[in-house]
Amino acid sequence: MANQANTPVRRALISVSDKTGIVDFGRALTERGVELLSTGGTFRLLKENNVPVTEVSDYTGFPEMMDGRVKTLHPKIHGGILGRRGTDDAIMAEHGINPIDIVVVNLYPFEDTVANPDCDLATAIENIDIGGPTMVRAAAKNHNDVAIVVNASDYSRVLKELADNDGELTYSTRFDLAVKAFEHTAGYDCAIANYLGGRTPDNDNADFPRTFNAQFVKVQDMRYGENPHQRAAFYAERHPKEACVATAKQLQGKELSYNNVADTDAALECVKPFADPACVIVKHANPCGVAIGADILQAYDLAFATDPTSAFGGIIAFNRELDAATAKAIVDRQFVEVIIAPSVAPEAVEIVAAKKNVRLLACGEFDGERAQTMDYKRVTGGLLVQDRDLGMVAMEDVKVVTERQPTEQELNDLLFAWEVAKYVKSNAIVYAKAGRTIGVGAGQMSRVYSAKIAGIKAADENLEVKGSVMASDAFFPFRDGIDAAAEAGITAVIQPGGSMRDQEVIDAANEHGIAMVFTGMRHFRH
Ligand SMILES: NC(=O)c1ncn([C@@H]2O[C@H](COP(=O)(O)O)[C@@H](O)[C@H]2O)c1NC=O
């Protein structure tokens with residue numbers, strides 16, 4: 001039966017690696033009359049700061065030994081934590097075990113240790129905390145009577161509650177702290193299993209451990225998933241390494257939906273690599289308009305003009321602060337689900353407020369630097385794990401394979417189109433001219449149809465394909481794609497190359513006077 005009553009805090013065990021705030025917290029506990037027990041380093045720090053404290057070894061009668069491998073692993077400690085008040089009182093008294101009412105522990109910094117490329121196995125193993133998680137789990141299990149604090153950010157909350165409740169903690173706080181504690185040790189064990197599981201005789205592959213252990217933290221429950229009959233929630237990494245939708249600040253608007261999150265991610269990822277002011281408009285995970293400009297207003301106008309039909313209800317991402325003029329252009333012109341930018345000018349916030357449902361997000365600055373994290377894709381019964389596609393060719397990496405060299409303008413447009421194609425679902429064909437998309441063909445099962453669709457869309461919006469360049473996310477298996485491009489007026493092509501029939505494709509380009517470059521890198525996206 002859960003003990004829903006408040007429980008008094010009379011004795012604390014404090015053993016922390018990260019000693020941030022511990023002196024103040026320990027002192028505040030003693031000022032409430034709480035008796036402190038503490039391990040070597042923590043004990044010394046508290047004592048140096050004149051906080052009354054007893055060393056665990058004095059209490060147990062056993063010294064810390066084996067270079068700290070055994071400090072708190074003693075029945076007088078674990079009995080004091082695990083003993084059920086009211087049930088185990090007699091046995092505790094018989095063995096001189098005093099109840100410990102609050103455990104304050106954070107663990108050896110295993111993840112930080114192994115993040116150092118010079119860390120060897122012996123160092124990693126010494127940084128696997130044993131006594132700490134044992135106490136954390138014991139206290140969390142016995143949350144009926146004991147509180148467990150694993151994070152310095154909870155010190156003030158605990159002190160406030162003790163002050164408000166005459167030195168007692170409520171059941172809901174103890175339960176919440178206990179769940180946090182199990183989440184903490186679960187994450188800790190994930191890191192250990194991943195590290196060691198990438199170094200076994202049968203799996204010497206540090207980046208792909210024998211079991212895949214990950215921890216994500218819930219950001220929000222969602223009304224539904226991709227469709228209304230699917231349940232959904234959004235989870236984030238504990239420490240995302242770059243600006244992203246998971247940590248973006250929502251300044252206004254309705255709650256983000258499942259599809260909003262997915263599409264906002266697609267838009268933000270696509271806009272990040274551009275150095276010039278850029279705008280990406282995404283619909284159903286594909287960019288339907290992308291442009292760079294002198295400023296983001298010009299970029300937005302050009303991106304919108306690619307495909308105003310699809311931009312309706314789209315997601316718009318920028319790589320510069322959203323200013324008032326651009327905000328006004330958007331809200332005056334179109335229905336938009338989400339706008340995301342590194343920051344939003346106060347006047348722009350006011351302008352978007354006129355459309356109260358529009359979700360407005362500020363994700364923080366990004367400078368083109370991307371973290372090499374993993375991408376996951378669920379399949380029935382399994383999980384595909386791969387590097388994020390951060391590969392990108394530079395101007396000097398591309399190889400001209402045709403008789404005609406691309407002009408400087410064509411080369412700039414080719415690289416622009418190539419950058420966009422990377423974020424278009426395969427088969428991806430992008431027509432571009434002067435730093436803007438002219439037509440996007442996405443997600444077709446044959447490359448030639450993606451090219452046809454890019455052309456149809458451009459024609460529908462009265463955009464002239466003639467004089468544009470074309471990017472293809474993978475090689476052309478036959479010359480038909482080049483023939484179709486020539487007919488549409490494409491003057492230059494960028495593609496990975498590598499087809500059995502590359503020569504046939506090059507010959508076709510030469511026949512049409514098209515300049516073609518190979519990147520040697522493919523960008524499928526499914
Ligand atoms: N071995 C033990 O019995 C043990 N008991 C507590 N610890 C850890 O020792 C650290 C604190 O040590 P110190 O107070 O000596 O700086 C904490 O991270 C705590 O989780 C232990 N260390 C590792 O297992």
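We use all heavy atoms of the structure for the numbers below, so side chains are in, but hydrogens, waters and symmetry mates are not. When a ligand or atom number is given, it counts from 1 through the structure's own listing order.
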remark   = From the list Phe416, Phe318, Phe366, ring pair (Phe, Tyr, Trp, His ring centres under 6.0 Å) with Phe274 holds only for Phe416
remark   = For Arg388, the side-chain hydrogen bond (donor to acceptor under 3.5 Å, both in side chains) test, sequence neighbours excluded, returns Glu242, Glu269
ask   = Side-chain donor-acceptor pair under 3.5 Å between Ser257 and Asn259, yes or no?
value = no
Arg174 versus Thr7, side-chain donor and acceptor atoms under 3.5 Å = yes
query = How long is the gap from CZ on Phe43 to NZ on Lys71, to the nearest 0.5 Å?
reply = 13.5 Å
task = Can you establish whether the number of heavy atoms outside His239 located under 6.0 Å from its atom NE2 is more than 12?
result = no
ask   = Listing by chain and number, which residues have a heavy atom under 4.0 Å from ligand 1?
value = Ser15, Val16, Ser17, Lys19, Thr39, Gly40, Gly41, Thr42, Gly68, Arg69, Val70, Lys71, Thr72, Leu73, Val105, Asn106, Leu107, Tyr108, Asp129, Ile130, Gly131, Gly132, Met135
